[in-house]
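The structure displayed is predicted, hence computed values, not measured ones. Heavy atoms only: backbone and side chains are in, while hydrogens, waters and symmetry mates are out. Lettering of chains follows the sequences in order, A, B, ..., and the numbering in each one begins at 1.
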Amino acid sequence: MSRVIVVTSGKGGVGKTTTSASFAAGLANRGHRTVVIDFDIGLRNLDLLMGCERRVVYDFVNVINEEATLKQALIRDKNDNNLHILPASQTRDKDAFTEEKVGNVINELRDSFDYIVCDSPAGIEKGALMALFYADEALIVTNPEISSVRDSDRILGMLSAKSQRAIEGEEPIKEHLVVTRYSPARAETGEMLSLDDIQELLGIDLVGVIPESKAVLQASNSGVPVIRDEQSKSGQAYQDMVSRFLGEDIPMRFLDAEKKGFLKRIFGA
Amino acid sequence: MIVWNTSVRLWVQLQTAIHVTCYHSADYQRISRLRTNTKTTGERLTQHEGIGAVELKGAVFTLPVLKLHCTDLDAIEHELKVHLARGLSFFKHAPLVIDLELIKEQQGEELDLPSLVSTMHDMKLFIVGVRNANPQQAERAVTAGLAVLKGGVTQQEGAAEKPANAELPVATTNIPFSGHTKIIYQPVRSGQQIYAKNCDLIVLSSVNVGAEVIADGNIHIYGSLRGRALAGVSENTKARIFAQVMEPELAAIAGNYQVFDEPNASRLYGKAAQIYLDDNQLVIAPL
Ligand SMILES: Nc1ncnc2c1ncn2[C@@H]1O[C@H](COP(=O)(O)OP(=O)(O)OP(=O)(O)O)[C@@H](O)[C@H]1O
Ligand SMILES: [Mg+2]
């Protein structure tokens with residue numbers, strides 16, 4: 001049974017595309033046939049992050065408008081045969097999306113893939129609603145700040161009201177919380193919301209905490225999902241996230257601020 | 001130039017309802033559900049073809065009535081917007097009946113029903129029919145795709161017929177209290193709205209910032225109340241709000257409201273507490 005997973009947040013720039021790329025790459029790396037769809041029509045970010053922007057010929061909207069077949073539009077990842085990308089289009093034709101047409105594409109993808117990851121645009125408009133409509137599960141990407149948490153709450157409300165599962169009265173979408181750009185030091189000083197605060201406010205299970213790290217930008221500049229950077233903390237944190245998503249029970253890492261200096265090491269904690 | 005004047009009066013009027021018996025009307029929700037089904041899963045209807053794609057049922061609804069005082073669409077729209085801004089939002093998406101009793105149309109000044117429908121539709125208010133229409137108005141209503149409703153007793157009118165009750169507060173005695181309780185098991189999230197019509201509301205989770213819970217009866221929240229809670233909205237001054245963690249953005253009972261923009265305004269903020277009305281004053285007390 002294939003699963004459709006939407007990566008969404010409400011608020012923009014919190015790390016949805018970064019998370020989609022790494023999550024999809026992680027699932028594929030563990031042997032699952034995975035496709036990641038860019039729903040952010042007009043912007044095209046995912047193909048850049050995945051380093052395949054030069055190979056985009058046809059896109060999601062072409063497929064929806066039946067100007068190209070899925071086979072023509074899907075791009076296979078250079079490094080991983082299990083991973084495919086369905087890129088967004090730069091023609092700003094958001095009206096191309098209808099529930100029915102998106103549904104047809106998703107259904108066709110279900111035949112050949114185990115996981116269908118939908119990278120949602122920001123906001124709560126049509127693009128975001130389309131990305132979540134067919135979801136079986138959701139990664140709610142949240143930064144440790146009030147405005148991001150509030151928008152995530154809003155989008156959780158949408159999942160429970162506007163998704164196909166909600167409308168058809170089926171079992172609700174399984175929701176997972178991903179906290180990204182987490183800075184232990186700033187959480188400690190109270191500059192950022194703590195993990196406990198976020199979980200208390202949103203009331204859903206935490207599947208991963210991705211620390212703030214320069215490696216993320218470096219990885220996206222070189223077109224490689226950061227999960228493949230095994231040296232970086234964020235890469236490792238994404239690996240952990242994928243493991244937890246697949247049912248492994250592993251403790252959270254990178255939650256504590258690095259103790260600095262000799263005295264702090266002796267007297268700290 | 002519509003009948004709602006003050007916010008308190010507003011609630012009364014909202015609850016002033018007529019009872020419409022629909023002899024041949026299918027359940028509203030069933031229809032809208034059928035519609036979504038046709039849209040999203042095209043086969044669903046055909047699947048049921050053998051059994052019958054639709055089902056006719058009779059049902060009794062309580063519908064809110066909007067009584068117009070003039071035909072000036074701009075004035076109506078403006079006034080509605082003011083009311084919506086004041087927290088009438090739970091009323092959105094509800095079917096609504098337009099009362100034309102006071103509309104005496106002059107030649108060339110007829111009420112433009114199609115424009116009224118679309119203006120209100122833009123505000124997410126859905127007119128389903130008219131009442132007290134004269135024959136010409138009825139004809140135009142039908143052309144505009146509206147039902148013409150006959151009869152229907154509003155609660156205020158009903159009360160007026162019983163002089164013995166005349167001195168009691170109108171709404172409280174006439175609200176058909178269902179005796180049911182609406183129970184919500186999930187968090188009520190930002191942007192969501194729950195309305196427990198004619199009954200109490202129990203939330204077994206939290207009401208988050210930006211969410212709104214409304215009940216004709218009491219509201220019980222077995223988590224944190226961080227959003228807005230409006231109890232006894234049909235002038236039920238005895239209604240109360242209970243929460244394990246009382247941190248509301250706004251609390252209201254029978255239209256008397258308080259905004260909590262200063263978290264330290266009450267020492268009970270963040271504690272288990274209840275809110276009730278004492279002599280038109282909201283009181284917060286520990287649980
Ligand atoms: N863990 C992290 N550490 C440091 N920077 C990060 C991290 N995660 C994301 N970023 C940076 O934040 C920015 C936004 O990330 P991304 O594009 O993934 O967000 P998004 O939610 O998809 O944005 P949009 O809403 O515009 O689609 C990028 O510059 C990215 O490099
Ligand atoms: Mg993005």
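With a 4.5 angstrom heavy-atom cutoff, A/Leu201 touches chain B via backbone and side-chain atoms both. The part of B/Ser224 that comes within reach of chain A is its side chain, from C-beta onward, which places non-hydrogen atoms under 4.5 angstrom from that chain.
Your options are A/Ile124, A/Leu156, A/Asp153, A/Asp151, and the one with the most heavy-atom pairs under 4.5 Å with chain B is A/Asp153.
Cation-pi geometry between A/Arg33 and A/Phe113 is not met at under 6.0 angstrom from the ring centre and within 45 degrees of the axis.
Relative orientation of the B/His121 and B/Phe126 rings is tilted, given thresholds of 30° and 60° on the angle between their planes.
For A/Phe60 and A/Phe97, the ring centers sit closer than 6.0 Å to each other.
Rounding to the nearest 0.5 Å places CG of A/Leu202 at 11.0 Å from CZ of A/Arg150.
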